[in-house]
Protein chains: 2
Amino acid sequence: MEFKEAKNKFVQTWGALGSQWGINKTMAQIHALLMVSNEPVSMEDIMEELQISRGNASMNLRGLMDWGIVYKEYKAGERKEFFTAEKDLDELAVKISRERSKREIKPTLKILKEVSTIEAKDSAEEKHFVDQTTKLYDFVLKADNMLDKMTEFNDNWLGKLVIKMMK
Amino acid sequence: MEFKEAKNKFVQTWGALGSQWGINKTMAQIHALLMVSNEPVSMEDIMEELQISRGNASMNLRGLMDWGIVYKEYKAGERKEFFTAEKDLDELAVKISRERSKREIKPTLKILKEVSTIEAKDSAEEKHFVDQTTKLYDFVLKADNMLDKMTEFNDNWLGKLVIKMMK
DNA sequence: AATAACTTTCAATTATTTTTGAAAGTTTGA
DNA sequence: TCAAACTTTCAAAAATAATTGAAAGTTATT
């Protein structure tokens, strides 16, 4: 396999994966493209490589910057903007975890707290509901704390964690 | 908040969460409904509670059974089928992890292996591509192994893990 | 202050995904 | 073997999400 083919394959694969994880395909593809680029890429080049419109490129780049995993860069003497991706994978994982926690887990916890604290009358049905949603609340809270802990490590936490787990 | 309202809120929330994670809304809602039901639910009842068609219920129930997180049950003397969800949350997490590994991570690893082993000529661009995809391969492989380890614990692995991490 | 070089926005279009419902399929029991 | 009581399938319709492209917006330069 030659370079161009490999690069394309990687971008396509990462894009497909993105859509399974609630990130849109183009956004994931742009991210993939930037991750494997050794230097900042202009919007023009992104449009060209992925065959997408200016509007599409602009919106998805913004999305990636909102996630904190893509940065704008300016080159001296050049008027246009260039983009780079976070390339450190531990850092990438940390940012994605934090963002998902903020966007999804925290709001879910709030709802779980609410629904699990209704006054369960004596019916088995209601008791089970309260019991199950309480367990779910505890579980999700614990999972979220785990993510927090991981961001504390930060330096190769995944490697350290795997070692700990094997003991 | 009264029971019916709480139950509905929970089902809606879980459904919305599902769509962010690549699982469709109805599938997640059915799962939510079954999780908080203290006894098996018929397809008829699911259709009624979620206001969905027979075809939709049938297909999504099958999807949930393919994930191994919903089971069919038969009641003596009754002709129709009933459904229950896996209610043990550790078990649920293990099943979802295993399935995602099989469906998404393993195929991705295969591609990453392929593209990271092209012969990088001497251009900085190609070198960076090989370097970055290799790192990604290692990272994803490690993450996948971590999931495997977690399934070994199985009994409240999440709690144990959090304790370990705090040390 | 005018213009050139760029980026962002958003209504309309296009593509994708989900849902429906009726026909076909299956199983049980008389 | 027939029919009743179910479930599954799948083509068409509906709903949702992504994309386009041109106009509006912004910023730097002369």
Side-chain angles (χ1 to χ4, degrees), chain A residues 11-34 40-67 70-85 103-104, chain B residues 11-34 40-67 70-85 103-104:
Chain A
V11 169
Q12 296 306 319
T13 304
W14 212 243
L17 209 65
S19 30
Q20 283 179 307
W21 284 81
I23 291 146
N24 91 34
K25 194 186 64 175
T26 302
M27 196 159 144
Q29 285 182 344
I30 295 176
H31 182 241
L33 186 62
L34 295 177
V41 184
S42 70
M43 205 157 92
E44 211 68 45
D45 287 347
I46 291 169
M47 287 163 60
E48 165 66 24
E49 282 225 49
L50 302 179
Q51 291 292 305
I52 58 173
S53 72
R54 190 171 296 284
N56 198 2
S58 173
M59 293 184 106
N60 284 115
L61 279 166
R62 171 131 75 102
L64 287 164
M65 291 190 297
D66 288 347
W67 275 83
V70 160
Y71 317 111
K72 245 184 208 172
E73 289 199 5
Y74 298 94
K75 280 192 189 174
E78 290 255 30
R79 194 121 156 209
K80 62 169 162 266
E81 299 169 338
F82 291 81
F83 300 89
T84 21
R103 296 184 191 199
E104 299 158 22
Chain B
V11 169
Q12 296 306 319
T13 304
W14 212 242
L17 209 65
S19 29
Q20 283 179 308
W21 284 81
I23 290 147
N24 91 33
K25 194 186 64 173
T26 303
M27 197 159 143
Q29 285 183 344
I30 295 176
H31 182 241
L33 185 64
L34 295 178
V41 184
S42 69
M43 204 157 91
E44 210 69 46
D45 288 345
I46 291 169
M47 288 164 59
E48 165 67 24
E49 283 225 49
L50 302 179
Q51 290 292 304
I52 57 172
S53 72
R54 189 171 298 284
N56 197 2
S58 173
M59 293 183 106
N60 285 116
L61 278 166
R62 170 131 75 101
L64 286 164
M65 290 190 298
D66 289 347
W67 274 83
V70 160
Y71 316 112
K72 244 183 208 173
E73 289 199 3
Y74 298 94
K75 280 191 188 173
E78 291 254 30
R79 193 121 159 211
K80 60 168 162 269
E81 299 168 339
F82 291 81
F83 300 89
T84 22
R103 297 185 191 198
E104 299 159 22

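Values in this document were obtained by computation on a predicted structure and should not be read as measured data. In what follows, every chain begins at residue 1, and chains take the letters A, B, ... in the order their sequences are listed.
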task = Could you pull out all residues at least two apart from A:R54 that satisfy side chain to side chain contact (heavy atoms under 4.5 Å, CB included)?
result =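 For A:R54 the side chain to side chain contact (heavy atoms under 4.5 Å, CB included) partners, ignoring immediate neighbours, are A:M43, A:E44, A:M47.
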
query = Residues in side chain to side chain contact (heavy atoms under 4.5 Å, CB included) with B:L34, at least two apart?
reply =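 Listed in chain order: B:I30, B:V41, B:I46, B:L61, B:V70, B:F83, B:A85.
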
Distance, rounded to the nearest Å, where [X] contributes [atom1] and [N] contributes [atom2]:
X     : N      : atom1 : atom2 : value
A:F83 : C:dC6  : CZ    : C1'   : 11 Å
A:L61 : C:dT9  : CG    : P     : 13 Å
B:K80 : D:dT8  : NZ    : P     : 14 Å
B:Y74 : C:dT28 : OH    : P     : 8 Å
B:K75 : D:dC6  : NZ    : C1'   : 16 Å
A:N60 : D:dT19 : CG    : P     : 6 Å
B:E81 : C:dT27 : CD    : C1'   : 10 Å
A:R62 : C:dT7  : CZ    : C1'   : 11 Å

Check side chain to side chain donor-acceptor pair (under 3.5 Å) between [X] and all other residues, then give those that pass, not counting sequence neighbours.
X     : value
A:K75 : none
B:R79 : none
A:E49 : A:K7
B:Q12 : B:Q29

ask   = In B/S/- notation, 5' to 3', how is nucleotides 21-30 of chain D contacted by protein heavy atoms closer than 4.0 Å?
value = B-----BB--

task = Return no unless some side-chain N or O of B:K72 is found under 4.0 Å from OP1 or OP2 of D:dC6.
result =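 Checking D:dC6 against B:K72, no side-chain N or O comes under 4.0 Å of OP1 or OP2.
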
Quick one: salt bridge (charged side-chain N to carboxylate O under 4.0 Å, His left out) partners of [X], sequence neighbours excluded?
X     : value
A:E73 : none
A:R62 : none
B:E81 : B:K72

key: Nucleic acid contacts - residues 15-28 of chain B versus DNA chain D, non-hydrogen atoms under 4.0 Å   =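 Within this stretch, nothing sits under 4.0 Å of the strand.
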
task = Quick one: closest heavy-atom pair of B:A28 and B:G18, and the distance?
result =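 Taking every non-hydrogen atom into account, CB-CA, 3.9 Å.
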
query = Roughly how far, to the nearest 0.5 Å, is the CZ atom of A:R103 from the CG atom of A:D66?
reply =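 One gets 6.5 Å once the value is rounded to the nearest 0.5 Å.
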
query = Near DNA chain C, which residues from residues 42-50 of chain B have a heavy atom under 4.0 Å away?
reply =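 Residues of residues 42-50 of chain B that come under 4.0 Å of DNA chain C do not exist, since none gets that close.
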
